[in-house]
Amino acid sequence: MPTAAFLNADKSIDLKPAEAPDLNPGQARINVAYCGVCGTDLHIYRGHMDQRVKFPQVIGHEMSGTVAEVASDVTTVTAGDPVVVRPLDPCGQCGACSSGNSHICYKLNFIGIDSAGAFQHSFVVPAHTLHKLPAGLDLRLAALIEPLAVACHDNRLGRVAPSENVVVLGGGPIGLLNAMVAQTKGARKIIVSEVNESRLKLAEELGFLTMNPIKDDVVKFVEAETDGKGADVVFEVSGAKSAIASMTDLAAARGRIVIVAIVPEPAPVNLFKVFWRELQLIGTRVYEPQDYEEAIQLVDSGKLQLDKLITAEMPLPKLADAFKSLDENPDHVKILIDCSAG
């Protein structure tokens, strides 16, 4: 019988047999290969999202796998297809959905948060969430397609263009992926700001300029590297109040500031600088189908050094150890869970 990892409100995780439910119309069953542990999962683990999660619950959404079976009305995929899940199940009726923005549906079911996720052997999802993968694509790297799609969405809305200067505030997984995608867009100079020295070293290995805002004057650093112009695009990925306070000082005239981080509490923003330099503040959340397709193409191309982001791999029975390790060790970037093991 398939096994699932149920997270409890006290941070414990129980591995339990999970009966495979019958498929409803429009559904597919996936044999999960890998699932990454992301920052949102860590927020759930720390109790920051108790209002959305109904414990005990299987979470996880950065997954790759293979189609096991499909409902009789599903024609877009067939058994044996390698796939990833775009974990958004919108209502189809609200104002966002009716205006073509179903990815930010007002009543969005985010699979793996609001409903059961992928930290299990067998995973049932709406077939409309599936994206087929090219034959032979490494399912281990395919588990990074979901967070990479976030970065593709951020870069697309930020309109990163060739020869532009880009600053990324926060060198975690999403920050580094944003820098990597900006590189594929032809950005001239990419600067990553991060306080963790291990992540700064990784950013340098990936080919980016780095600065530590604890040690460096961020504004002077960016001015020096851009000949006084400032950054054409600033990605705020840290959620830190100090970074939010500085982001408007880093942007060039008519620069774009892309808000990527989840900032749970209001933070001061220098709106005078927004006015003075005609800056644009752009909110970004999750992704759309085209961002997933771009992410799949990038992974398949082999252009990105994604292996360097994977700092550990663990079998499903070690999921509790993975959460504990991420919670206590800030040097980790991405831990992958092998959901077919154990």
Side-chain angles (χ1 to χ4, degrees), residues 24-28 38-41 43-44 48-54 57 59-63 71 73-74 76 83-118 123-131 145-160 174 177-178 181 233-237 239 244 247-248 254-269 271 274-275 278-296:
N24 292 322
Q27 290 185 328
C38 81
T40 301
D41 298 326
H43 279 303
I44 295 171
H48 299 162
M49 301 177 70
D50 287 358
Q51 75 280 7
R52 289 179 64 180
V53 179
K54 298 176 182 178
Q57 183 166 311
I59 61 172
H61 57 272
E62 296 183 355
M63 63 77 63
D73 63 333
V74 173
T76 51
V83 294
V84 289
V85 172
R86 179 169 37 87
L88 309 180
D89 191 18
C91 74
Q93 300 176 340
C94 70
C97 289
S98 61
S99 63
N101 299 304
S102 62
H103 67 295
I104 49 174
C105 167
Y106 299 161
K107 301 176 183 178
L108 183 67
N109 168 30
F110 194 112
I111 299 168
I113 302 175
D114 304 306
S115 58
F123 187 30
V124 173
V125 295
H128 71 75
T129 67
L130 297 177
H131 288 257
I145 286 171
E146 192 273 350
L148 180 57
V150 171
C152 291
H153 186 71
D154 299 339
N155 270 258
R156 179 165 63 86
L157 269 62
R159 307 190 304 282
V160 176
I174 298 296
L177 287 168
N178 263 292
V181 174
V233 184
V234 177
F235 291 101
E236 204 310 283
V237 197
I244 294 169
M247 64 188 186
T248 50
R254 288 197 168 179
R256 287 94 67 198
I257 298 174
V258 184
I259 309 300
V260 181
I262 298 174
V263 184
E265 299 293 334
V269 175
L271 291 180
V274 175
F275 151 78
E278 292 194 347
L279 305 179
Q280 296 181 38
L281 297 179
I282 303 167
T284 60
R285 178 182 165 201
V286 294
Y287 25 63
E288 296 174 81
Q290 67 210 78
D291 304 310
Y292 250 72
E293 290 302 317
E294 181 182 2
I296 291 169

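Note that the coordinates shown come from a computational prediction; the quantities given were computed from them, not determined experimentally.
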Enquirer: Less than 4.5 Å apart, any side-chain heavy atom of Val269 and any of Met247?
Expert: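 Sidechains of Met247 and Val269: in contact.
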Enquirer: Any chance you could measure Asn178, atom CG, to Asp154, atom CG, to the nearest 0.5 Å?
Expert: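 Output value for this atom pair is 4.5 Å.
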Enquirer: Is there a side-chain contact between His61 and Asp41, using heavy atoms and a 4.5 Å cut-off?
Expert: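 They are in contact (side-chain heavy atoms under 4.5 Å apart), so the answer is yes.
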Enquirer: Can you tell me how far apart OG1 (Thr40) and CD1 (Ile113) are? Round to the nearest 0.5 Å.
Expert: 5.0 Å
Enquirer: Are any of the side-chain nitrogens in Arg156 or Glu288 under 4.0 Å away from the carboxylate oxygens of its partner?
Expert: yes
Enquirer: Test your reading of the model: is there a side-chain donor-acceptor pair from Ser102 to the backbone of Ala96, 3.5 Å cut-off?
Expert: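 It does not hold such a pair.
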Enquirer: Would you say Phe235 and Val181 make side-chain contact, with heavy atoms under 4.5 Å?
Expert: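 A side-chain contact is absent here, since even the closest heavy-atom pair is not under 4.5 Å.
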Enquirer: Please say whether more than 12 non-hydrogen atoms of neighbouring residues, nucleotides or ligands are located less than 6.0 Å from CD in Glu265.
Expert: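 12 or below, so no.
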Enquirer: Roughly how far, to the nearest 0.5 Å, is the NE2 atom of His43 from the CZ atom of Arg52?
Expert: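 With rounding to 0.5 Å, CZ (Arg52) is 11.5 Å from NE2 (His43).
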Enquirer: Is there side-chain contact between Glu146 and Val84, with heavy atoms separated by less than 4.5 Å?
Expert: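 Counting from C-beta outward, Glu146 and Val84 never come under 4.5 Å.
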Enquirer: So, for Ala118 and Met63, which heavy atoms are closest and what is the spacing to 0.1 Å?
Expert: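 So the two residues come closest at CB-CB, 3.7 Å.
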Enquirer: When rounded to the nearest 0.5 angstrom, what distance separates CD in Gln93 from SG in Cys105?
Expert: 9.5 Å
Enquirer: For residues Leu157 and Arg256, determine if any side-chain heavy atom of one lies less than 4.5 Å from a side-chain heavy atom of the other.
Expert: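 No, every pair of side-chain atoms sits at 4.5 Å or beyond.
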Enquirer: Are the side chains of Ile282 and Arg159 in contact, using a 4.5 Å heavy-atom criterion?
Expert: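 Yes; the side chains approach each other to less than 4.5 Å.
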Enquirer: Please examine the side chains of Arg285 and His103, heavy atoms only from C-beta on, and report whether any two atoms are closer than 4.5 Å.
Expert: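 In short, these two side chains do not touch, never coming nearer than 4.5 Å.
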Enquirer: Taking the side chain as every heavy atom from C-beta outward, state whether Tyr287 and Pro87 have any atom pair closer than 4.5 Å.
Expert: yes
Enquirer: Nearest 0.5 Å, please: how far is OH in Tyr292 from CG in Leu148?
Expert: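 The distance works out to 10.0 Å.
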Enquirer: Distance from Ile145 atom CD1 to Asp291 atom CG, nearest 0.5 Å?
Expert: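 The CG atom of Asp291 is 13.0 Å from CD1 of Ile145, to the nearest 0.5 Å.
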